[in-house]
Amino acid sequence: GGPRPGGRHPPLMGQPAGAPGRLHPRVGHHLSGGVAALCLVGGTLAGSMASAASFGRRQGKEKTAMGTDLLPEFIREHYEVHEWKHACAILAHDFPAEWKDICDVLTEFRFYRSWVSVGGGRKSKISEAIDQRLYARQWVEKHFDTEIRIDKQTLESPTHQIDCFRNRVALEIEWNNKDPFYDRDLNNFRLLFELRAVSVGVIVTRCDDLQEIFEGVGRGSSFGASTTHMSKLLPRVLGGGGGGCPLLVFGISKKLYVED
């Protein structure tokens, strides 16, 4: 019923007859922005609205970082970063040691004019600078022997060796290979994810704008349009090349270049 004469509400459960009913919010964890459910459980309306507003402000400040926002600011500013299927969240929360290794190594990494001004051998100094730091942290080159059995017949299902692997995290470095290597990497991630051998695939490659540096040191023809760079990788990923495997891609940018 409504208020009784004298401005008093009906007594609330547990309160003596004649006690004034007062409004107080019961704020659920899903409420924010100063909106609250009001019920007659004691407290003043003004106080309840102030509490709700404070709750909303606190929730905004405590908003949890998601996606690439989980990466250190240095990496977000010095690399071109793309992720699919919550790769950053999976790494940060399920594989914190591997996540830290990747963030630390990429934060420390720089590449030098002397590394790109002359031709290299089987592996570039850029690739070595990354994988050697990961190997020092107990990452390894990894080859998986896989096969498919149909009734009593066994069929080999070969996979390519992964550059750097640790605890179900696979990382490939593609600095200056032919661009079909991306197809190999993505297919590898897809198959190993389906076999539950890999949880996240990571690719470190180069940004398109590095071509200006290569031209400037007279090596432009060695880093041609058919070699591995970001604009060759992204269409393959967007086309589903990695299947269901969560993917995280880093592009090495000009901001990491050092004249020596």
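Please read these numbers as outputs of a predicted model, since none were measured by experiment.
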How far apart are the closest heavy atoms of [X] and [Y], and which atoms are they?
X: Tyr257; Y: Val217; value: OH-CG1, 4.1 Å
X: Glu128; Y: Asp131; value: O-OD1, 3.2 Å
X: Arg110; Y: Val258; value: CB-CG2, 4.0 Å
X: Leu70; Y: Ala92; value: CD1-CB, 4.2 Å
X: Gly242; Y: Leu247; value: CA-CD1, 4.3 Å
X: Ile130; Y: Val204; value: CD1-CG1, 3.9 Å

Counting distance only, does the side-chain N/O of [X] pair as donor-acceptor with the main-chain N or O of [Y] below 3.5 Å?
X: Asp208; Y: Ser231; result: yes
X: Arg236; Y: Lys232; result: yes
X: Glu98; Y: Leu91; result: no
X: Lys255; Y: Glu77; result: yes
X: Asn176; Y: Ser222; result: yes
X: Thr205; Y: Met230; result: no
X: Tyr182; Y: Gly241; result: no
X: Arg190; Y: Cys245; result: no

Between [Y] and [X], is there a side-chain donor-acceptor contact under 3.5 Å, judged purely by atom types and distance?
X: Thr227; Y: Arg206; value: yes
X: Ser124; Y: Ser127; value: yes
X: Ser226; Y: Asp179; value: no
X: Glu80; Y: His82; value: yes

For the residue pair [X] and [Y], establish whether any side-chain heavy-atom pair is separated by less than 4.5 Å.
X: Ile162; Y: Leu192; answer: yes
X: Lys254; Y: Ile213; answer: yes
X: Trp139; Y: Val169; answer: yes
X: Leu233; Y: Thr228; answer: no
X: Tyr135; Y: Cys164; answer: yes
X: Arg76; Y: Val81; answer: no
X: Leu248; Y: Ile102; answer: no

Practice problem: Count the heavy atoms of every other residue, nucleotide or ligand shown that sit under 6.0 Å from CD of Glu73, and state whether that count exceeds 12. | Solution: no
Quiz item: Are there more than 12 heavy atoms of other residues, nucleotides or ligands under 6.0 Å from atom NE2 of His86?
Solution: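 At most 12 heavy atoms, drawn from other residues, nucleotides or ligands, come within 6.0 Å of this atom.
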Quiz item: Between Phe181 and Trp175, does the ring centroid distance fall short of 6.0 Å?
Solution: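 Ring centroids of Phe181 and Trp175 are no less than 6.0 Å from each other.
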Gap between atom [atom2] of [Y] and atom [atom1] of [X] - 0.5 Å precision:
X: Ser199; Y: Asp94; atom1: OG; atom2: CG; result: 7.5 Å
X: Arg166; Y: Leu171; atom1: CZ; atom2: CG; result: 13.0 Å
X: Asp183; Y: Lys178; atom1: CG; atom2: NZ; result: 14.5 Å
X: Asn188; Y: His143; atom1: CG; atom2: NE2; result: 9.5 Å
X: Phe250; Y: Cys207; atom1: CZ; atom2: SG; result: 12.0 Å

State plainly whether one hydrophobic cluster holds both [X] and [Y], where clusters connect Ile, Leu, Val, Met, Phe, Trp and Tyr through side-chain heavy atoms under 4.5 angstrom apart.
X: Tyr112; Y: Val105; result: yes
X: Tyr79; Y: Trp115; result: yes
X: Leu256; Y: Val202; result: yes
X: Ile75; Y: Ile173; result: yes

Quiz item: Between Arg184 and Glu172, is a side chain to side chain contact (heavy atoms under 4.5 Å, CB included) present by the stated rule, with each step listed?
Solution: CA-CA 11 Å; Arg184 180 206 69 181; Glu172 295 282 5; 3.9 Å; yes
Practice problem: Check the pair Phe111, Leu210 against side chain to side chain contact (heavy atoms under 4.5 Å, CB included), reporting the backbone distance first and the verdict last. | Solution: CA-CA 11 Å; Phe111 73 102; Leu210 294 190; 3.8 Å; yes
Quiz item: Residues in ring pair (Phe, Tyr, Trp, His ring centres under 6.0 Å) with Phe74, at least two apart?
Solution: His78
Quiz prompt | Carboxylate-amine/guanidinium contact Glu108 Arg133, below 4.0 Å | solution =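 A salt bridge links Glu108 with Arg133.
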Quiz item: Ion pair present between Asp101 and Arg137, side-chain N to carboxylate O less than 4.0 angstrom?
Solution: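 Looking at Arg137 together with Asp101, the answer is yes, because their closest N to O distance falls below 4.0 Å.
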Practice problem: Could you walk me through whether Val200 and Trp99 pass the side chain to side chain contact (heavy atoms under 4.5 Å, CB included) test, one step at a time? | Solution: CA-CA 11 Å; Val200 181; Trp99 172 254; over 6 Å; no
Practice problem: Determine, stepwise, if the pair Leu134 / Asp163 fulfils side chain to side chain contact (heavy atoms under 4.5 Å, CB included). | Solution: CA-CA 10 Å; Leu134 288 173; Asp163 288 339; over 6 Å; no
Quiz item: For Phe144, which of Phe193, Phe189, Phe165 qualifies under ring pair (Phe, Tyr, Trp, His ring centres under 6.0 Å)?
Solution: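 Answer to the ring pair (Phe, Tyr, Trp, His ring centres under 6.0 Å) test with Phe144 among Phe193, Phe189, Phe165: Phe165.
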